[in-house]
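Values below: all heavy atoms of this structure, side chains included; hydrogens, waters and symmetry mates excluded. For clarity, every value in this text was computed on a predicted model and none was experimentally measured. One-based numbering, in listed order, for ligands and for the atoms of each.
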Amino acid sequence: MTTQNKTETSAWHRLLETRLTRRSALGGAAATAAMVSLPLTIAEASTNNGAPATVDPKKVKPQTVAPFRPIPVGSADALTLPTGYRSQVLAPWGEVFTADGREIGFNHDYVGYFPIDMLEGGQSSTEALLTINHEYVNAMYVGGETKERTPAQIKAEMQAMGVSVVRVKKDGGRWTIVPDPRNRRIDALTDIELTGPVRGTAAVKGATMVRGTVGNCSGGQTPWGTLLTCEENVDGYTKSWAGSGYEAMHQGWVTEIDPFDPAWTPKKRTGMGRFRHENVAVTVAKDGRVVGYMGDDMQDACVYKFVSRGKYDPRNRAANRDLLTDGDLYVANFGNGTWVLLDYDKTKGLQEAKGADGKPLFTSQADVLADARASALAVGGTPVDRPEDIEIHPRTGEVYVALTNNSKHGNYFGQIIKFREDGDDWGAQKFLWEVFAVGGPQSGFASPDNLVFDPYGNLWMVTDNSDLATNPIKAFHGNNAMFFFATEGPDAGKAHRFAIGPVDAEMTGPVWSPDGKTLFLSIQHPGEDSESLDRPRSTFAAKSGTNVPRPTLVAIEGFPGWKA
Ligand code: FEO
Ligand code: CA
Ligand code: CA
């Protein structure tokens, strides 16, 4: 396995070089222009993280000029926006928002926008159930930091993770949280059902029900109005929550939650594999099967595609809620542009894979899914540079992947690649890929993380340079920022800085209201590198009378909105 990893890893960098050479020979804009005008046959392309938009992307004219004057690099302890834009703190950590006194969790990440009238076919842009992922906690802020955590501290941390479902309303230009019986927390203590091939197997110690969801990074929205929350970094809690009963193999999955139905038990979809799940970009293949693109956010890890067994039926929500239980998991081989099936019974490479000790790596499909990373590498999945978010272009159907960086290979700046499925069908077995944008001083951005499209096909991206304080990025990048890229026209692939986050913060989870007038954005871990609460490096969103920074959701206004 180790030898193969090394070979495949250097193969990825050779592949990148080839694509970069080809891109500069063609010219970025020319290469991009050649890719446009791909007819979409299915309306469910996941623009806006899968949240609806009030215009049909296939009917709007591209507007490839940024609707703002780009701002220069900055390092202020503030959310800095272009002239004409303003923000408000909407759902900060610690805010009580349920009838039973539950609080908004810590370190906000992915945000899902579910119009309040969505199940009746509406697309309200002024009232919604928002889902907010809470990725991890900083012990200094949550529960108190001691060498040995007490049960009370562990419980406080477990309750600060997971997902908040929050009803919000816009009135007089301002958003507020409003009471609703569906306002609730799903956290590291909530009962969740395991579904799919790994349910009840030895890989999960026979479990069919498990406790909690953690490491909730990015995610996705399904066409039937459920949230997919992705469990990314889950292994560290075995040690820090020792004695709590935490079970790491019960985490690291995709969990489906129905924001509209608190009585529906959340489901972990084991058929989508266990790895460091960053996100799921959901769409529908030509034959009606549901497709989810997913990244494994780790150095030298892979890009995956899940294809459901059953077909999407817009009139049968109850049946759709079971669609992600069964399906096929594939891994991307970027060397030959193929999707390699991860099915123990059908894939010889999985049956024959052996560990360093000469023993079989897998003996069942449950083994394959429970260690999808090893399975992927065993059958030629290409290890790439930390796949973060994935989104589908709403006009061309191309799939964009943020590869954030890979310090193992000196790739500090990352890149955004895109691929197009064979026959313009997301259910295809083959694809063609190319480089869309490359991070670095020449482009002004580094470490691309979350992506979201607008209906015109412009890409909006937030960076995550959080773990790379000693690398060359800070010198040209300043604080983490949000960028706009046209994907067609003369400026395609050029980064325009829209927003700059507070000190130490990462901006995450961008999503629009369907009319495009509000951008919801998470401000994660402001002041994270502070050594003590007495001397915080940031005071962003602190309660009045205190200096303690708070992770929060913000609502940004000032956009012109979509025009058909
Ligand atoms: Fe939680 Fe990969 O970002
Ligand atoms: Ca991320
Ligand atoms: Ca996204």
Confirm or rule out an N/O/S atom of Leu451, from backbone or side chain, lying less than 3.0 Å from the Ca ion (ligand 3).
-> yes

Which heavy atom in Gln221 sits nearest to a heavy atom in Ala51, and how many Å separate them?
-> OE1-CB, 3.3 Å

What protein atoms of element N, O or S are positioned under 3.0 Å from the Ca ion (ligand 2)?
-> Glu278 OE2, Glu388 OE1, Asp449 OD1, Asp449 OD2

Aromatic plane relationship, His496 with Phe68 - under 30° parallel, 30 to 60° tilted, over 60° perpendicular = perpendicular

Describe, in one word, how the ring planes of Phe498 and Tyr85 are oriented to each other, choosing from parallel (under 30°), tilted (30 to 60°) and perpendicular (over 60°).
-> perpendicular

Passes ring-ring contact (aromatic ring centres under 6.0 Å, His included), Tyr304 versus Tyr330? Steps please.
-> CA-CA 6 Å; Tyr304 297 79; Tyr330 298 85; over 10 Å; no

Value for OH (Tyr141) from CH2 (Trp93), rounded to nearest 0.5 Å, stands at 8.0 Å

One checks atom 2 (Fe) of ligand 1 and counts protein N, O or S atoms under 2.8 Å, reaching 4

Determine which of the N, O or S atoms in Glu391 is closest to the Ca ion (ligand 3) and give its atom name.
-> OE2

So which of Tyr456, Phe485, Phe453 actually passes ring-ring contact (aromatic ring centres under 6.0 Å, His included) with His393?
-> Phe453

Test ring-ring contact (aromatic ring centres under 6.0 Å, His included) applied to Phe419 and Trp339, Phe436, Trp433, Tyr400, the passing residue | Trp339

Could you tell me whether Lys170 atom NZ has more than 12 heavy atoms of other residues or ligands within 6.0 Å of it?
-> yes

Arg386: which of Asp297, Asp464, Asn411, Thr404 passes side-chain hydrogen bond (donor to acceptor under 3.5 Å, both in side chains) = Asp297

Take Phe334 and Phe431, measure what ring-ring contact (aromatic ring centres under 6.0 Å, His included) needs, and give me the verdict at the end.
-> CA-CA 9 Å; Phe334 286 93; Phe431 61 90; 5.4 Å; yes

